[in-house]
Structure formats: structure tokens, C-alpha cells
Amino acid sequence: MSIVIYPPTLDWLWMKQRPQQLMTQLARLGYTVFFCNRTRSIPRVERIEPNLFVVHHHEHWLQTAWPKIRKTAPVLVWCSLPFAYLSIAAAYSPYQIVYDCSDELGEWFRAEKQLAVRADAIVCSSQRLYDRIRRCYREQRAILIRNAYDPSMKLHLPDEEAAASRGSSKRKQIGYVGAWAPWIDEGLIGLCSRLPGAEVSVIGPQFDRKLRPDAFGDTVRFLGLKRHEELRDYIRSFSVCIIPFRITPVTVAANPVKAYEYLAAGKPVVSTALPECQGMAPHVDIASSRGDFIRKVAERLVKPGDGAARITYALEHTWERRAREIDAFLRSIPQRKERTRPQGSDRILS
């Protein structure tokens with residue numbers, strides 16, 4: 001099995017997302033995975049679970065441990081940030097490079113081209129991204145691997161104590177989990193907060209957008225970034241979950257992880273007309289306008305619908321299944337060079 005390197009792009013504990021999920025699952029399939037933080041801290045390398053290591057001091061690790069590690073197995077670099085490409089070849093000398101294309105950001109396109117034409121394979125998280133990659137890079141191997149649900153969150157399991165975690169508020173909760181970013185439709189948040197007997201809870205970090213909590217009154221709660229393991233109780237406390245995205249080049253290419261998590265809890269989900277969410281219908285309610293969005297939220301506050309079908313859908317789309325698809329795809333890709341003969345994984349941290 002190959003060694004998989006995830007270069008310094010985001011930190012392991014920063015919003016558990018697609019990179020952390022996929023690296024975890026590949027490790028469980030037998031790959032030796034090194035997830036490299038941007039930090040410079042001690043311990044310099046931390047073993048998270050068998051085959052999965054977080055590198056806390058990348059520069060030190062490259063200079064000390066890496067020269068020995070790279071001799072033990074073929075090296076694959078998994079890159080989700082095009083700007084990171086220039087440091088890949090010199091730092092790791094990989095046998096394979098995989099570009100995980102999960103965002104549609106125009107300012108990335110120039111750097112993306114450098115990575116895409118040199119990658120051995122491209123993995124895309126949405127149909128729109130896959131179609132663009134196939135159109136722009138016809139000779140490259142590409143596959144569509146969407147986002148998924150993490151069953152370790154236990155959102156799909158019954159919880160008799162769920163009601164106790166809802167706090168003291170008597171209002172029904174309309175919940176959004178995700179970054180407070182430019183693609184959020186603030187107007188929808190405000191309209192939802194005015195529905196009788198309801199309030200909106202927003203969970204997530206600020207991202208390129210100034211937070212103005214005073215603009216909404218006391219029926220919108222901004223709870224900030226929460227640890228991944230904390231999200232279960234919050235999501236289970238929501239009466240309706242929302243994806244209030246503006247329709248932009250970024251959002252129409254997005255496959256929201258939050259949709260799978262909402263559905264895993266059996267919650268009704270209302271989204272703007274994002275193509276990837278439209279593909280989740282009828283489990284996700286798609287709104288054609290702001291007015292339609294508010295009407296659908298109001299309806300679901302009264303009639304939640306078929307929670308069991310939503311849970312079944314989420315369990316059909318797990319990160320484990322996604323990783324198995326990736327594993328099969330990676331095995332079909334020819335090696336750049338003849339494999340080096342492994343010299344023993346017991347020296348992996350020496």
C-alpha cells in the first residue's frame with residue numbers, strides 16, 4: 001500500500017471536512033497517511049490511529065523523518081489546494097499526484113492548470129466540477145466522488161436524551177451549520193428568524209465576511225465554531241435545517257457536507273436551488289425563490305416529513321463508501337515508476 005501525503009493546507013482540527021474524512025478512511029483501508037498541518041509545534045508527529053499520522057512540524061519532519069519514510073513504499077500526494085503544487089515535487093518526489101478538485105474559485109484556475117496537467121488523476125466532488133475537468137483536461141483520468149456522512153457522528157442513531165440537549169429555549173430551532181461566508185444569503189436568515197415561534201441558530205466560523213449579529217435581533221443566535229463531536233447535539237436540536245446559499249459560481253459547484261449530516265439526523269432540509277442539493281430531492285426540499293424558501297421552512301416546522309427515509313439516504317452515502325471508490329480508482333492508475341520494495345513500516349516514525 002502507498003504512503004499518502006496531504007500537504008500543509010489546513011490543520012487537522014480545523015473544521016473536520018473532506019480532506020480529514022478521506023485521509024482517515026484511506027488509512028483504515030491500509031494506506032499509511034501523513035496529514036501535514038501548517039503548524040510548527042510539539043509533538044512534531046502525532047499518531048491519531050493505526051496508519052494515520054498528523055505532522056505538526058512539517059519542515060522538521062521533512063528534514064529528519066521523511067528521507068527514511070519515503071523508502072518504505074510508493075508515495076502518493078493528495079492535493080486539494082492548487083497553489084500547493086509547486087512545493088510538492090521538490091518536497092516529496094511522489095510516484096503519483098492526485099488533485100482533489102472540490103471548489104470552483106476563479107482565482108485558482110491558473111494554478112489549477114499547473115496541477116491538473118501534471119496530476120496522475122483528478123477527483124471531483126460535484127458533477128459541475130467533474131464536467132469542467134473533463135472538458136478542460138480531456139486526457140486526464142478523472143472521477144466523481146461526492147462528499148458524504150460520517151457515521152461516527154452518530155446522528156443516525158436514536159437518542160432518547162435528545163430533547164434534553166436543546167437548552168431552555170421554547171422556540172423551534174431553524175439551524176445552519178457552516179462558515180459565515182459571502183455566499184450566505186443574509187436576507188434568508190433574517191426572514192427565517194421572523195417566522196412565528198422560531199429562531200435561527202448559526203454554527204460555524206466567520207469566513208471572509210464580517211459578522212453583524214445586531215442586524216437580526218434576538219431571534220438569531222451566532223454560536224461560533226464548534227468541535228466536530230459537538231455538532232451532534234446541536235443538529236439533533238434543530239426542527240428544520242437550512243442551506244441558505246446564494247446562487248454563485250462557488251455554490252453551484254458545491255456538494256454540501258452539511259446536507260448529509262442534516263439528513264442523517266432525519267431532519268427536514270430546505271435549500272436554495274443548488275444543483276447538488278437538487279440531486280438529493282425528495283430528501284431535500286428545493287426552493288425556487290426567497291418566498292418559496294420561507295414557505296417551505298414554515299411547512300416543515302409543522303410537518304417534518306419522513307425522517308427514516310432521510311437517514312437511509314445518508315447511510316447510503318458514507319465516507320467509508322467514498323474511500324472504497326477512491327481505492328479502486330487509485331489501483332487502476334499506472335505507477336510513474338517501478339515500485340520501491342517496502343523496507344518495513346515499523347520504522348515509519350524513526
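Please read all numbers here as calculations on a predicted model, not as lab measurements. Heavy-atom basis, side chains included; hydrogens, waters and symmetry copies ignored.
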Option passing side-chain contact (heavy atoms from CB on, under 4.5 Å) with Ser271 (candidates Ile242, Asp285, Ile286): Ile286

Under 3.5 Å donor-acceptor, Asn147 side chain and Arg18 backbone: no

Parallel, tilted or perpendicular: rings of Trp61 and Tyr92 (30°, 60°): tilted

Option from Arg38, Glu46, Arg44 for which side chain to side chain donor-acceptor pair (under 3.5 Å) with His56 holds: Glu46

4.5 Å side-chain heavy-atom contact, Gln206 and Phe222: no

Test item: Asn255 side-chain N/O and Glu276 main-chain N/O as donor-acceptor pair under 3.5 Å: no

Approximate separation, where rounding is to 0.5 Å, of Ser193 OG and Ile294 CD1: 8.5 Å

Verdict with reasoning, Thr272 to Leu188, per side chain to side chain contact (heavy atoms under 4.5 Å, CB included): CA-CA 10 Å; Thr272 51; Leu188 282 177; 3.7 Å; yes

N/O donor-acceptor pair under 3.5 Å between Glu104 side chain and Leu129 backbone: no

Short side-chain donor-acceptor distance under 3.5 Å, Asp150 and Tyr260: no

Geometric class of the His60/His57 ring pair [parallel <30°, tilted 30-60°, perpendicular >60°]: perpendicular

Ion pair Arg324/Glu320, N-O distance below 4.0 Å: yes

Donor-acceptor contact below 3.5 Å, side chain Ser102 vs main chain Ser125: no

Cys277 side chain near Pro256 side chain, heavy-atom distance below 4.5 Å: yes

Check: Phe34 ring centroid to Trp66 ring centroid under 6.0 Å: no

Contacts of Asn51 that satisfy side chain to side chain donor-acceptor pair (under 3.5 Å) - sequence neighbours left out: none

Distance-only polar pair, side chains of Asp120 and Gln96, donor-acceptor under 3.5 Å: no

Nearest non-hydrogen partners of Arg171 and Ala198, listed with the distance: NH1-O, 3.3 Å

Option among Val33, Leu330, Val98, Val77 that satisfies the side-chain contact (heavy atoms from CB on, under 4.5 Å) test with Val4: Val33

Under 3.5 Å donor-acceptor, Gln20 side chain and Trp14 backbone: yes

Under 3.5 Å donor-acceptor, Arg232 side chain and Lys154 backbone: yes

Residues in side chain to side chain donor-acceptor pair (under 3.5 Å) contact with Asp292, at least two apart in sequence or another chain: Ser288, Lys296

Side-chain H-bond candidate by donor/acceptor type, Ser237 with Gln173, under 3.5 Å: no

Nearest atoms (heavy-atom pairs only) where Ile5 meets Pro7: O-CD, 3.6 Å

Short side-chain donor-acceptor distance under 3.5 Å, Tyr6 and Ser80: yes

From CE (Met15) to CG (Leu225), nearest 0.5 Å: 6.5 Å

Polar side-chain atom of Thr318 near backbone of Leu315 as donor-acceptor pair, under 3.5 Å: no

Exceeds 12 heavy-atom contacts within 6.0 angstrom, atom CZ of Arg134: yes

Backbone N/O of Leu155 and side chain of Tyr149: donor-acceptor pair under 3.5 Å: yes

Main-chain N/O of Ala148 paired with Trp319 side-chain donor or acceptor, under 3.5 Å: yes

Backbone N/O of Arg246 and side chain of Thr251: donor-acceptor pair under 3.5 Å: yes

Test side-chain contact (heavy atoms from CB on, under 4.5 Å) applied to Val177 and Val202, Ile203, Ile243, the passing residue: Ile203

Basic-acidic side-chain contact under 4.0 Å: Asp327, Arg331: yes

Close side-chain approach of Leu10 and Gln17, heavy atoms under 4.5 Å: yes

